[in-house]
Amino acid sequence: LFVRLFDRGEIGSSFTVYHDGSPVVHVAGGRQDPVSTKIYDDTNLQSLGGASQFLECLCMLLLVSRGKINYGDKITKYWPSFGSHHGKDHITIRQLLSHRAGLACFDAPLPLNLISSKPELADFLEERKTNWPVVDE
């Protein structure tokens, strides 16, 4: 299956399966980009984009089921500075998870170096404007 990715045009990828917290399968191969001769390995950062949404949703469902958060809670309850820019202080977890928070895309390019820096990435996300006015629930 992993090898077939390259038959369909993939240039570099990795795949790991964990069991009881330990890796039991790990493969990586290919190149870092179409013109590079640099090998794709464990040090490469990978953007998951939409592929990670179901994991994020499962985490939120788990938090709700354990009573740690509520869908009606404002994001600022857990991340106060999120609401300090562009009127995002009223956005709820429900709106964020159901794609009604007006945050469909960034109004500025995301520099890749921010992905590995939580404080800088948080600052970037806090500064983003909504793509449309968010209507309270």
Side-chain angles (χ1 to χ4, degrees):
L1 180 62
F2 184 76
V3 172
R4 282 194 264 161
L5 287 173
F6 298 97
D7 293 339
R8 295 193 317 237
E10 183 64 55
I11 59 166
S13 188
S14 67
F15 177 78
T16 305
V17 175
Y18 285 83
H19 178 71
D20 290 332
S22 298
V24 293
V25 174
H26 177 71
V27 291
R31 298 183 318 272
Q32 290 184 15
D33 60 67
V35 296
S36 176
T37 57
K38 295 178 184 174
I39 300 298
Y40 190 101
D41 62 21
D42 294 336
T43 63
N44 294 102
L45 294 177
Q46 184 64 49
S47 173
L48 295 177
S52 65
Q53 287 179 351
F54 83 97
L55 293 172
E56 295 153 5
C57 207
L58 286 175
C59 290
M60 297 302 252
L61 287 168
L62 186 61
L63 290 169
V64 168
S65 72
R66 293 181 177 175
K68 303 290 185 184
I69 66 170
N70 292 297
Y71 293 118
D73 291 345
K74 294 179 180 177
I75 302 295
T76 54
K77 178 177 180 180
Y78 307 97
W79 182 4
S81 54
F82 175 78
S84 62
H85 299 279
H86 309 297
K88 295 184 300 202
D89 55 317
H90 63 285
I91 294 175
T92 65
I93 292 172
R94 178 179 290 112
Q95 290 169 317
L96 189 66
L97 292 177
S98 63
H99 301 280
R100 294 182 296 154
L103 300 169
C105 60
F106 299 138
D107 59 349
L110 172 63
L112 291 179
N113 64 313
L114 296 188
I115 293 174
S116 61
S117 171
K118 287 181 184 177
E120 291 180 31
L121 180 58
D123 289 344
F124 177 85
L125 295 172
E126 290 164 8
E127 294 168 4
R128 302 292 50 91
K129 296 178 184 174
T130 58
N131 303 120
W132 58 80
V134 180
V135 178
D136 288 333
E137 301 175 88

All heavy atoms of Pro111 vs all of Phe124, minimum pair found to be CD-CE1, 4.0 Å
Would Val35 and Ile11 show up in the same hydrophobic cluster when neighbours are defined by side-chain heavy atoms closer than 4.5 Å? no
Crowding at CG, Leu112 (>12 non-hydrogen neighbours, <6.0 Å): no
Any side-chain heavy-atom pair from Asn70 and Ile93 closer than 4.5 angstrom? no
What pair of heavy atoms forms the shortest contact from Leu114 to Glu120, and how long is it? CD2-OE1, 3.2 Å
Check for me, please, whether Ile39 and Phe15 land in the same ILVMFWY cluster - side-chain distances under 4.5 Å, paths through other members count. no
Working to the nearest 0.5 Å, report the span between OG1 of Thr16 and NE2 of His26. 4.5 Å
Please find the pair of heavy atoms, one from His90 and one from Gln95, that lie closest to each other, and give the distance. O-OE1, 3.6 Å
What heavy-atom pair brings Val134 and Arg100 nearest, and what distance separates the two atoms? CG1-O, 3.7 Å
Tell me whether Lys88 contacts the main-chain N or O of Arg128 through its side chain, where contact means a donor paired with an acceptor under 3.5 Å. yes
Find the distance between CE (Met60) and OH (Tyr71) and round it off to the nearest 0.5 Å. 8.5 Å
Given side chains that start at C-beta, do those of Val17 and Pro23 come closer than 4.5 Å, heavy atoms only? no
Applying the side chain to side chain contact (heavy atoms under 4.5 Å, CB included) test to Arg94, which of Leu96, Thr92, Ile91 qualifies? Thr92
Is the closest side-chain heavy-atom distance between Ile115 and Leu121 below 4.5 Å? no
Are Leu63 and Tyr78 connected in a single hydrophobic cluster, I mean Ile/Leu/Val/Met/Phe/Trp/Tyr linked by side-chain heavy atoms less than 4.5 Å apart? yes
For residues Gln32 and Asn44, determine if any side-chain heavy atom of one lies less than 4.5 Å from a side-chain heavy atom of the other. yes
CG of Asp89 to OG1 of Thr76: how many Å apart, nearest 0.5 Å? 6.5 Å
Atom pair CG (Leu125) and OG (Ser81), whose distance is rounded to the nearest 0.5 Å: 10.0 Å
Mind checking whether Trp132 and Phe106 sit in one hydrophobic cluster, side chains of I, L, V, M, F, W, Y counted as touching below 4.5 Å? no
Looking at side-chain heavy atoms only, is the closest gap between Glu126 and Trp79 below 4.5 Å? yes
Does Leu62 belong to the same Ile/Leu/Val/Met/Phe/Trp/Tyr cluster as Tyr18, with side-chain heavy atoms less than 4.5 Å apart forming each link? no
To the nearest 0.5 Å, what is the distance between CG (Asp41) and OG (Ser14)? 9.0 Å
OG on Ser65 to CG on Leu58, rounded to 0.5 Å: 10.5 Å
